[in-house]
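On a predicted model such as this, the values are computed, not experimentally measured, just so you know. Atoms considered below: every heavy atom in the structure, side chains included; atoms not considered: hydrogens, waters and symmetry mates.
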Amino acid sequence: MISDKTYDKNLLRSIIEYGIFVFSVTFLIEMISRGSIRLTLEYSMNNTKLFLCNMMLVNCFFAIIFLFKRRLLVVFHVTILLAVFSTVQYLLLKMRGTPLTFSDIRAAGFGAAILREQINSHGVIGLGVIIFVGYIIIAKKLAVVKKERHIILFVGSILMCGIYISIIERMGIVSNNTWAQNTDYLSNGTIYSFVNSYRSSKVSRPEGYGKNKILEIKSTIEQDEEVFPVMEDRMNIVMIQVEAWTDPMDIQGITYSEDPMPNLRHAMTQYSSGKLNVNVLGGATVNTEFEVLTGLPIENRPSGEYPYLTVLTHSSIEALPFYLNKKYQTTAIHNYYGDFYNRDKVFANIGFQRYISMETMINLHKADYYPSDSVFIDYIPQILIESSERDFIYGITVEMHGPYATGILDDAKVVSEGNYPETVLNNVNHYINALHKTDQYLGELFAYFDSLDEPLICFVFGDHQPALELWQDESYNSANPDYNYYQVPYICYNNMGLEKEDVDMDANRVGEYLLKLTKNNGGLISSFHDVYSKKEEYEQDLRLLEYDILSGKQYLYEEDNPYTVQPMEYGLEDMFFTEVKTASDGILVIDGGGFNESCQADLNGKTVPVEYVNNQQLRVDAKLEAGDVLEVYRKGLYRIIGNTLQITEKEINYK
């Protein structure tokens, strides 16, 4: 018989061992996420209460073991889950500078699809097999050990965690800036920040929301809004959203062998320019895009939300393209996957009439991982030339997308110098040389715009700052405590000699700015900014309107949204075929136009090999018989982009 003292000692030892285990796992999670033992030690000592909060949450994950008899097996699975979570967290921080949030789960499919494009699938399969075999061996051994279930311990752990979190939140030591997740993560800890992002991800009805209030705001807008007269000769409007653009000269402590962006620098001295305030860092391009095009601030939405993946996928709302598409041909251009972040659905829902994405482009060149931005030199002039009306063109670049390597760049045109580790400077070199290339392309575009007889405005701006290794460098942060990671440059080029006026603005005010500059009338949201911007209730009433449009009853439109979706065209031309014939080797040869490297083919629903020859010819390894249907299409990450060709045995010329 076991004595009470022995039982107490064993229990105490078990509690101590379990506490050490939970501490170790929490420390490991923070260490992987932060990429540093030293930074994790400093965090655990300087933010003891918050570190303990994360320990409580880790304990909640492991408390599930008390519901099972095979506890070691459950511990094994939970540990794997937390290790994967920490690794993803670390990779996201490296790639985009911001941590994992609950809303990222909606975008996980896009990330996985892109990863498949950029890695060796055979190597991954081999590694996966090894991991799976190891998992089976360990799981079988751990499954033998059984313990008694303890539901009380499970419930007690959850209650203890909930009480502690409630206490520290009431103490006010928790950072709660939901749209600066990287700041929250550093102070609050990895697990708490992720859990809190889930709590902040739900849409809540703002105080004061109701039909009467919305109609009151609408009445004020309509009474005081500025209305421009109809103009005979309108300006072309081009917007170029430059991926991860920041001005390298704003980075203190680093010098360069030459200016990484001489053309943009010259434009800054000649035309209106300034800073845009954005709400994202290192990634989440589409949220800046959302702000610029809709006039609605993303900070009023749930933490970490991507409206492109939620409400805008299935609902149309007023936006800059809708304002202009009765007077302009509205075109979006993006040299990346057309269905990335559901742009193929969203752009139709915000008023674009045409979308030219990577799948519809001819002679697209790659720069490392991403397509070259040189494509804009070809496509923007083509659009301006072929249209009989004025154009609104929204270009989204991608070549400067991170992550940026930390190895030596052999063919660097521009080299950085500074008192920082070699890997940090190499990382900066990769970024500034990508910027140097995009700067050259934009310089060529400005030169082309100068040659035009048509009046044109070109608004060039960054979507967010790049995710540089430098931002993680402690010496840089201590030397530059006031550096603003949420400002990006903009330039408003024109070929009409307009007066230079430098102002800073929020990203969601860009549409209003351009409408005024080009004397175009907008909608209720753009007019709201103009009418309410100097009123005390501006931010609160904007929050009410945004909720009404995106999540409420749309009282603003008296429950009858005037912005309805119209069919959207893809590319400058559809695919077509003029002749289908068989080659001597039995391969099907399709002559026509609009073909590119994105073309795929299905025979009776089953994928068959396709060889891209040029934009006028494809070779398809398929043999058609009576009743067979060959479908040729251009494939994005998930969906078909543009039209589909259907070819039957009757169309084949066997001569």
Side-chain angles (χ1 to χ4, degrees), residues 92 94-98 107 110-111 114 117-118 238-248 250-251 260-261 263-264 267 275-276 278-293 298 306 308 332-338 340-341 343 347 355-358 361 364-377 379-380 393-405 414 427-445 458-471 485-491 507 510 637:
L92 285 179
K94 283 291 183 184
M95 291 178 66
R96 69 184 191 190
T98 53
F110 293 109
I114 292 169
E117 296 286 321
Q118 297 183 357
V238 178
M239 299 182 72
I240 302 178
Q241 180 177 294
V242 182
E243 171 64 36
W245 179 28
T246 194
D247 186 345
D250 289 342
I251 303 174
M261 41 176 256
N263 293 299
L264 290 168
K275 300 291 187 183
L276 285 188
V278 297
N279 281 292
V280 293
L281 169 65
T285 293
V286 289
N287 282 348
T288 298
E289 195 174 304
F290 165 82
E291 291 194 312
V292 167
L293 289 171
I298 196 68
Y306 301 98
Y308 275 30
I333 312 175
H334 185 32
N335 52 333
Y336 203 52
Y337 292 104
F340 189 48
Y341 280 109
R343 283 189 177 101
F347 282 166
Y355 181 25
I356 302 172
S357 62
M358 179 175 75
M361 293 176 173
L364 187 67
H365 303 292
K366 279 212 168 185
D368 296 326
Y369 293 116
Y370 295 98
S372 168
D373 291 339
S374 62
V375 70
F376 291 92
I377 301 173
Y379 277 89
I380 289 178
I393 302 171
Y394 194 90
I396 306 161
T397 75
V398 76
E399 183 172 345
M400 286 163 55
H401 199 293
Y404 313 101
V414 188
N427 184 250
V428 172
N429 286 340
H430 281 274
Y431 171 72
I432 60 176
N433 280 274
L435 171 59
H436 191 62
K437 290 180 184 178
T438 296
D439 175 81
Q440 291 177 314
Y441 307 144
L442 292 172
E444 290 187 46
L445 268 180
C458 180
F459 191 89
V460 182
F461 66 101
D463 55 357
H464 53 72
Q465 292 202 23
L468 296 176
E469 295 282 329
L470 185 65
W471 306 153
Y485 295 98
Y486 294 93
Q487 279 193 332
V488 292
Y490 82 84
I491 301 166
V510 170
L637 275 173

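For the pair Y394 and I240, the minimum side-chain heavy-atom distance is 4.5 Å or more. Residues K437 and E399 meet the side-chain proximity criterion, which asks for heavy atoms closer than 4.5 Å. Residues P248 and L435 form a side-chain contact, since some pair of their non-hydrogen atoms from C-beta on lies under 4.5 Å apart. Using a 4.5 Å cut-off on side-chain heavy atoms (C-beta onward), L276 and Q487 make no contact. Inter-residue side-chain proximity for H334 and R343 is flagged as met; some heavy-atom pair is nearer than 4.5 Å. At least one side-chain heavy atom of M358 sits less than 4.5 Å from a side-chain heavy atom of P371. Within the 4.5 Å cutoff, the side chain of L442 has heavy atoms near those of the L264 side chain.
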Problem - Derivation and outcome, side-chain contact (heavy atoms from CB on, under 4.5 Å), residues V238 and I380 - result: CA-CA 9 Å; V238 178; I380 289 178; 4.2 Å; yes

Problem - ring-ring contact (aromatic ring centres under 6.0 Å, His included) between F376 and Y441, worked out - result: CA-CA 8 Å; F376 291 92; Y441 307 144; 9.1 Å; no

Problem - K275 and D247: CA distance, side-chain angles, deciding distance, salt bridge (charged side-chain N to carboxylate O under 4.0 Å, His left out) verdict - result: CA-CA 10 Å; K275 300 291 187 183; D247 186 345; 5.1 Å; no

Handout entry: Steps toward side-chain contact (heavy atoms from CB on, under 4.5 Å) verdict (D373, E243)
Key = CA-CA 10 Å; D373 291 339; E243 171 64 36; 6.0 Å; no

Exercise for the section: Please test L468 against I251 for side-chain contact (heavy atoms from CB on, under 4.5 Å), starting from the C-alpha separation and ending with a verdict. Expected result: CA-CA 11 Å; L468 296 176; I251 303 174; 4.2 Å; yes

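Closest of all the heavy-atom pairs between N335 and V375 is CB-CG1, 3.6 Å. Considering every non-hydrogen atom in both V414 and N433, the closest pair reads O-ND2, 2.9 Å. The two residues W471 and P466 make their nearest non-hydrogen contact at NE1-O, 2.6 Å. Smallest separation of non-hydrogen atoms from V488 and Q465: CG1-N, 3.7 Å. Looking at every heavy atom in both residues, H430 comes nearest to A405 through CD2-O, 3.2 Å. When all heavy atoms of I396 and E289 are compared, the closest pair comes out as CD1-OE1, 3.5 Å.
Residues Y308 and F290 keep their aromatic ring centres 6.0 Å or farther apart. Aromatic ring centres of W245 and F461: separated by at least 6.0 Å.
In this structure, Q440 CD and I377 CD1 are separated by 9.0 Å, a value rounded to the nearest 0.5 Å. Here OH of Y379 is found 13.0 Å from CD1 of I393. Values are rounded to the nearest 0.5 Å. For the atom pair OG (S357) and CD1 (I333), the distance works out to 11.0 Å, reported to the nearest 0.5 Å. Atoms CG and OH, on L637 and Y337 in that order, are 5.5 Å from each other to the nearest 0.5 Å.
Looking only at distances, a side-chain donor or acceptor of E291 sits under 3.5 Å from a matching main-chain atom of I298. Not a single donor-acceptor pair under 3.5 Å links the side chain of H365 to the backbone N or O of S372.
Tested against H464, the residues T246, N279, T285, T288 include a single side-chain hydrogen bond (donor to acceptor under 3.5 Å, both in side chains) partner, T285. Of the listed residues (I432, D463, T438), just one forms a side-chain contact (heavy atoms from CB on, under 4.5 Å) with M400, and that residue is T438.
Classified by interplanar angle (parallel below 30°, tilted 30° to 60°, perpendicular above 60°), the ring pair Y341/Y306 is tilted. Relative orientation of the Y370 and Y336 rings is tilted, given thresholds of 30° and 60° on the angle between their planes.
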